[in-house]
Amino acid sequence: MADSLPPRLDPALIEGPLYREWMERKYFQVAPEAVTRDGLDPFVIVIPPPNVTAVLHMGHGLNNTIQDVLIRWRRMQGRASLWVPGTDHAGIATQNVVERLLAAEGTSRHDVGREAFVERVWEYVRETGGAILEQLKAIGSSCDWERTCFTLDSGPSTAVREVFVRLYEKDLIYRGEYIINWCPRCLTALSNEEAEGEEADGKLYHLHYPFQESAWDAARAASEGGAEAVGRLEDGRWFLTVSTTRPETMLGDTGVAVNPDDERYRGLVGADVDLPLAGRTIPVVADSFVDPEFGSGMVKVTPAHDPNDFEIAQRTGLEPIDVLNPDASMNENVPEAFRGMDRFDARTAVVEALKAQGLFGGSEAHAHSIPKCYRCHTVVEPRLSEQWFVRMGPLAEPALEASRNGTINFTPVHWKKVYERWMENIRDWCISRQLWWGHRIPVWYCGGCAETIVAREDPTECPSCGSQDLEQDPDVLDTWFSSWLWPFSTLGWPDETDDVDAFYPTNVLSTAPEILFFWVARMIMAGYEFLGEAPFTEVYLHGTVRDRRGRKMSKSLGNGIDPLEVVGLFGADALRFTLLSAAAVGTDIQLDHEDLEGAFSPGRNFANKVWNAGRFTLMSVGEGPVGSVAGAGAGLELADRWILSRLDRTVEKVTEDLERFRLHEVADELYHFVWGDFADWYLELVKPRLRDDAPAESREAARVTLVEVLGGICRLLHPLMPFVTSAIWDRLPTPNGADRPEALMVAPWPTPDAARRDEEAESAMTDLQELIVQVRSLRKEYNVPEGHRVPLVLASPPDIFARTVEAQRESVERLARVGEVRIETDESAGAGAHAVLKNGTEVFVPLKGVIDVVKERDRLQTEIDRLGDQVKGARSKLENENFVSRAPEAVVARERAKADTFAEQMDKLEAKLRGLAEV
RNA sequence: GGGCGCUUAGCUCAGUUGGUUUAGAGCGCCUGCCUUACAAGCAGGAGGUCACUGGUUCGAAUCCAGUAGCGCCCACCA
């Protein structure tokens with residue numbers, strides 16, 4: 001059987017069939033009864049739903065590999081592990097895509113009409129949507145596909161409706177007129193989170209507004225009092241200067257504000273100025289928002305196009321004047337010359353017009369951040385409009401507390417602060433979008449009596465006046481308004497389902513930090529508000545996948561890597577392992593998109609190594625029945641005991657690191673255990689014992705150990721590399737032909753076994769490895785040709801070491817490439833190896849390190865000195881009364897333990913040193 | 001402007017509460033090997049003042065302060 005395995009792993013050959021088998025056997029599925037009836041401990045992850053029409057990218061590859069590792073590991077631990085998959089309708093993104101399709105056809109959504117447009121999007125989603133879920137299967141994701149959910153499905157839609165109504169009834173949803181972020185291209189409102197600031201080199205323009213003649217005296221007085229923003233034109237008029245980065249908005253100014261405590265301008269409050277171009281008169285008002293230190297200390301107030309100005313206007317009684325159309329062209333409230341002009345053209349035009357009137361005060365470079373639409377990157381325009389908002393304050397309270405009291409943990413931990421800061425400064429959430437694709441807002445306006453109806457069921461008549469003249473709010477909800485319910489809407493809420501009972505709350509939420517606020521924070525708020533409990537307790541935020549130059553991978557840069565291409569070239573295991581081994585907690589991942597082979601060689605090479613180590617083991621063990629490790633008992637040799645002990649340590653370490661999301665460490669440990677300990681050392685050491693002419697007992701001990709260790713490797717590695725491990729495990733015999741789980745993915749996760757620990761074997765092996773490495777190094781140093789075998793003379797080695805070498809004599813000879821190992825007690829022979837140089841002369845090579853008594857003495861002495869220092873340090877602390885009385889008990893205890901252990905170790909080493917001295 | 005993080009081998013990065021790490025890995029590089037599991041391999045090797053300065057300590061890549069460079073997040077500064 002093993003002979004039939006090809007010497008080079010061909011992932012394509014094994015991955016497809018294995019995944020199909022897992023699906024057929026329904027290993028990914030979990031029924032709620034497993035929890036409610038059978039009492040299994042649930043472990044649940046809900047997938048961050050990718051956009052329904054998205055194509056898999058490396059970020060998905062990384063995130064879903066992480067989730068699959070956790071799910072597979074917990075499943076093997078015997079927990080009812082459920083991974084809920086699904087997709088998001090992605091309001092703006094999807095609508096934009098289809099609008100572009102229509103544009104290419106020479107039409108638009110307005111031409112085809114709302115109903116037909118929405119139908120068209122559905123059509124598009126049905127055609128192209130969900131492909132990403134198939135792609136997740138290719139990387140091995142073990143989601144319960146029967147539960148696949150879409151945010152626009154009836155279940156999640158019901159949840160959205162229920163939540164809207166409940167919040168409205170609690171007065172946590174309101175409609176109001178505020179300055180919102182408006183995308184003039186998407187023609188919709190955006191939330192604060194959706195308007196991303198982008199650093200840009202802008203300009204700060206200075207504009208002059210002339211005072212009305214009645215204020216000239218006050219202006220002169222201010223000017224003489226040192227008000228630098230006040231000046232006089234050539235024609236004698238006095239003016240003030242305001243600064244702005246958006247001069248075109250001056251057409252909508254309704255005032256100029258100064259700080260009430262600003263001495264310079266106190267006398268000007270109440271004065272009127274002429275608003276140039278617009279032909280209006282506006283007042284100077286006082287508001288404490290104005291920072292006297294910034295610029296001239298005078299601010300133009302444009303209430304309809306700036307959130308701060310809007311607030312100033314509310315406080316000072318200024319009326320907003322809207323000057324922009326939805327598409328950001330100038331509207332009818334501006335002078336005819338500017339009407340219909342694009343905002344950026346208007347900017348130039350306004351500046352030119354002011355120049356012509358001598359009212360332009362120049363401009364200067366000004367770096368600042370400009371908000372842009374996160375979907376189309378158009379510069380967002382603050383705009384006054386009527387929108388729906390969620391009052392976030394009350395929702396944030398428990399969500400903030402959950403982080404503070406440790407109910408919810410963040411990995412890496414520094415996100416905790418970021419999260420809390422956002423929660424502390426929470427602002428209301430604008431949830432209405434002027435789109436057609438999404439959840440329609442469940443609000444109707446009565447034409448008969450102006451009643452607003454918010455209902456779970458579509459109303460047919462007004463409950464107040466009975467009128468049937470009802471019109472539904474035209475807007476849809478922010479995409480995230482369905483996403484924030486995901487951990488329970490996917491389980492059937494608001495119905496009281498078994499799934500909610502069994503699987504809520506979920507356990508881990510793994511995602512990219514970019515959507516901490518968009519999604520994670522809001523899910524936590526929704527969890528508390530609607531189910532009274534956090535939706536998960538662990539938040540794992542992974543790094544960003546970047547290219548070799550550190551740039552984020554993106555479609556527009558063309559620097560992305562297609563995970564499916566990687567799977568096709570090197571296999572899913574290679575992809576997964578490479579990502580995991582690069583994904584240290586809190587760090588980004590760099591992959592060279594121009595050298596896929598280089599980028600993914602760690603995973604590919606390791607997968608192949610596992611494959612070959614497995615193949616060799618299977619061939620060596622052969623067809624015959626195999627006993628158990630327990631049965632082998634005293635027959636186990638040093639190398640066997642060593643590798644079993646190492647396996648046990650690895651089990652402990654790997655499990656511990658999985659619990660702490662240290663997946664990079666897990667990958668690293670398994671890599672070194674499998675490649676280093678198992679393949680490089682153990683397999684090489686046991687080769688002589690596997691021959692037909694080897695002593696039967698020794699051969700049997702090797703066989704049972706091989707089966708045991710390879711089985712352990714398969715289990716430990718399975719969450720990371722599910723395919724290659726399964727392929728090997730399926731061919732692995734069981735001890736004494738015992739029954740076993742029908743598949744590796746449902747086999748039990750190993751647990752540490754104290755009886756397997758063997759420090760004697762570990763230290764003896766360390767010495768032996770050191771000897772072999774020394775000899776190899778010497779051979780190289782003295783140019784001993786490959787074909788030459790030289791005797792290795794070990795003079796007067798410590799007893800235990802002599803026995804170790806003796807036990808592994810054959811292996812030592814083979815691995816060190818020496819002809820004969822001689823152990824002598826005659827010190828005069830020295831410790832060394834005879835080597836024959838290229839010219840034929842024979843030299844005696846003294847061996848360094850473990851077998852060189854003198855050097856060993858030095859080494860021990862150094863070690864002892866160092867331990868001595870440590871003991872001294874610990875003891876001096878313990879003698880320090882301040883330390884003992886003030887330090888926490890645990891710390892003192894640790895210090896005491898330290899002193900004891902190191903002293904103990906020191907004694908041991910001193911004994912060893914005395915032993916050497918006697919030789 | 002506020003907050004946070006990073007700076008370790010040619011490259012990309014690990015290094016878990018300060019002490020068995022005389023600082024590690026992968027890739028790359030040099031030397032020798034097709035040793036019947038694997039050349040996607042085996043063996044040996046070169047390469048680092050752990051950004052800089054000072055401090056705490058018996059002991060610092062690890063803790064503290066400052067300096068320089070880079071990055072991220074948040075923010076209403078016109």
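The structure presented is a predicted model; accordingly, all values stated were derived computationally and were not measured. Numbers restart at 1 for each chain; the letters A, B, ... are given by sequence-line order, proteins then strands.
- Using a 4.0 Å heavy-atom cutoff across all strands shown, Arg427(A) reaches sugar-phosphate atoms only and no base atom.
- Here the side chain of Ser777(A) pairs no donor or acceptor atom with the backbone of Val773(A) at under 3.5 angstrom.
- Between His366(A) and the phosphate of rC77(B), there is no side-chain N or O to OP1/OP2 separation shorter than 4.0 Å.
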| query | Can Asp592(A) and Asp547(A) be said to form a side-chain contact (heavy atoms from CB on, under 4.5 Å), step by step? | reply | CA-CA 5 Å; Asp592(A) 187 351; Asp547(A) 70 7; over 6 Å; no
| request: Using a 3.5 Å limit on both pairing distances, list the dot-bracket string of RNA chain B from the 5' end; Watson-Crick and G-U wobble pairs count, crossing pairs take [ ], interstrand pairs take |. | output: (((((((..((((.....[....)))).(((((.......))))).....(((((..]....))))))))))))....
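- Using a 4.0 Å heavy-atom cutoff across all strands shown, Phe606(A) reaches no nucleic acid atom at all.
- Counting non-hydrogen atoms under 4.0 angstrom, Lys416(A) reaches nothing in the nucleic acid.
- Atom C1' of nucleotide rC74(B) and atom CH2 of Trp422(A) are separated by 12 Å, given to the nearest angstrom.
- Proximity of Ile14(A) to Leu9(A): side-chain heavy atoms (C-beta onward) are separated by under 4.5 Å at one or more points.
- Each of Arg662(A), Arg646(A), Lys653(A) was compared with Glu669(A) under the salt bridge (Lys or Arg N to Asp or Glu O under 4.0 Å) criterion, and only Lys653(A) meets it.
- Comparing the P positions of rC52(B) and rA9(B) gives an interatomic distance of 11 Å, to the nearest angstrom.
- Between rG28(B) and rA51(B), the two P atoms lie 27 Å apart (nearest whole Å).
- Between rG41(B) and Asn605(A), a contact under 4.0 Å exists linking OP1 or OP2 to a side-chain N or O.
- For the pair Lys687(A) and rA37(B), the criterion of a side-chain N or O lying under 4.0 Å from OP1 or OP2 is met.
- A straight line from CD of Glu665(A) to P of rG24(B) spans 15 Å, rounded to a whole angstrom.
- Phe517(A) comes within 4.0 angstrom of sugar-phosphate atoms only, judged by non-hydrogen atoms across all strands, and of no base.
- The nearest whole Å value for the distance from the CG atom in Asn259(A) to the P atom in rA78(B) is 17 Å.
- The distance between atom CZ of Arg776(A) and atom C1' of rC33(B), rounded to the nearest whole Å, is 12 Å.
- Rounded to a whole Å, the CG atom of Asn612(A) is 3 Å from the C1' atom of rC38(B).
- As rounded to whole Å, 13 Å separates atom C1' of rU21(B) from atom NE2 of His672(A).
- Checking rA25(B), rU16(B), rC38(B) against every side-chain atom of Asp668(A), the shortest atom distance belongs to rA25(B).
- Here Ala584(A) lies in heavy-atom contact (under 4.0 Å) with sugar-phosphate atoms only.
- Listed nucleotides: rG15(B), rA78(B), rG44(B). Nearest to the side chain of Ser777(A): rG44(B).
- Within 4.0 Å of Asp309(A), counting heavy atoms only, lies no atom of the nucleic acid at all.
- Each of Trp415(A) and Phe678(A) was assigned the nucleotide of RNA chain B with the nearest heavy atom; the assignment lying further toward the 5' end belongs to Phe678(A).
- Annotation: rG54(B) and rC73(B) have their P atoms spaced 35 Å apart (nearest Å).
- The interatomic distance linking Leu690(A) (CG) with rA37(B) (P) rounds to 11 Å, in whole Å.
- The phosphate of rC11(B) (OP1 or OP2) has no side-chain N or O of Gln590(A) nearer than 4.0 angstrom.
- Spacing between rU56(B) and rC4(B) at atom C1', rounded to whole Å, works out to 25 Å.
- Contacts of Arg817(A) with the nucleic acid, taken as non-hydrogen atoms under 4.0 Å apart, include base atoms.
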| query | Does the side-chain hydrogen bond (donor to acceptor under 3.5 Å, both in side chains) test come out yes or no for His305(A) and Thr249(A), once each step is laid out? | reply | CA-CA 7 Å; His305(A) 298 288; Thr249(A) 62; over 6 Å; no
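- One C1' atom belongs to rG2(B), the other to rU21(B), and the distance between them is 40 Å to the nearest Å.
- Applying the side-chain hydrogen bond (donor to acceptor under 3.5 Å, both in side chains) criterion to Arg427(A), with sequence neighbours excluded, gives no partner residue.
- Residue contacts shown for Arg8(A) include a base, since a base heavy atom lies under 4.0 Å away.
- Using a 4.0 Å heavy-atom distance criterion, Lys552(A) is classed as making no nucleic acid contact.
- Distance NE2 (His414(A)) to P (rG71(B)): 17 Å, rounded to an integer number of Å.
- rU16(B) and rU22(B) are spaced 15 Å apart, taking the P atom of each and rounding to whole Å.
- Between Ser601(A) and rG26(B), a side-chain N or O to OP1/OP2 separation shorter than 4.0 Å is absent.
- Across every non-hydrogen atom of Glu424(A) and Leu400(A), the tightest pair is CG-CD2, 3.8 Å.
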| task | Would you check, one step at a time, whether the test side-chain contact (heavy atoms from CB on, under 4.5 Å) holds for Val666(A) with Leu720(A)? | result | CA-CA 9 Å; Val666(A) 171; Leu720(A) 285 72; 3.9 Å; yes
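- Counting atom types as modelled, Lys609(A) pairs a side-chain N or O with a base atom of rC38(B) as donor and acceptor under 3.5 Å.
- Taking the C1' atoms as reference points, rC70(B) lies 16 Å from rU8(B), given to the whole Å.
- Within 4.0 Å (heavy atoms only), Pro307(A) reaches no atom of the nucleic acid at all.
- Within the 4.0 angstrom heavy-atom criterion, base atoms lie near Ala679(A).
- Annotation for Tyr178(A): atom OH does not count as buried by contact number, only 12 or fewer foreign heavy atoms lying within 6.0 Å.
- Map Ser369(A) and Arg421(A) each onto its nearest nucleotide of RNA chain B; the residue landing nearer the 5' end is Arg421(A).
- Side chain Glu684(A) to base rA37(B): a donor-acceptor pair is found below 3.5 Å.
- The two residues Phe289(A) and Arg315(A) make their nearest non-hydrogen contact at CB-NH2, 3.8 Å.
- Residue Trp675(A) is in sugar-phosphate contact alone, with no base atom involved, counting any heavy-atom pair closer than 4.0 Å across all strands shown.
- A cation-pi arrangement, defined by a distance under 6.0 Å to the six-membered ring centre and an angle within 45 degrees of its axis, is absent between Lys687(A) and Tyr682(A).
- For the C1' atoms, the distance linking rA60(B) with rG15(B) amounts to 14 Å, nearest Å.
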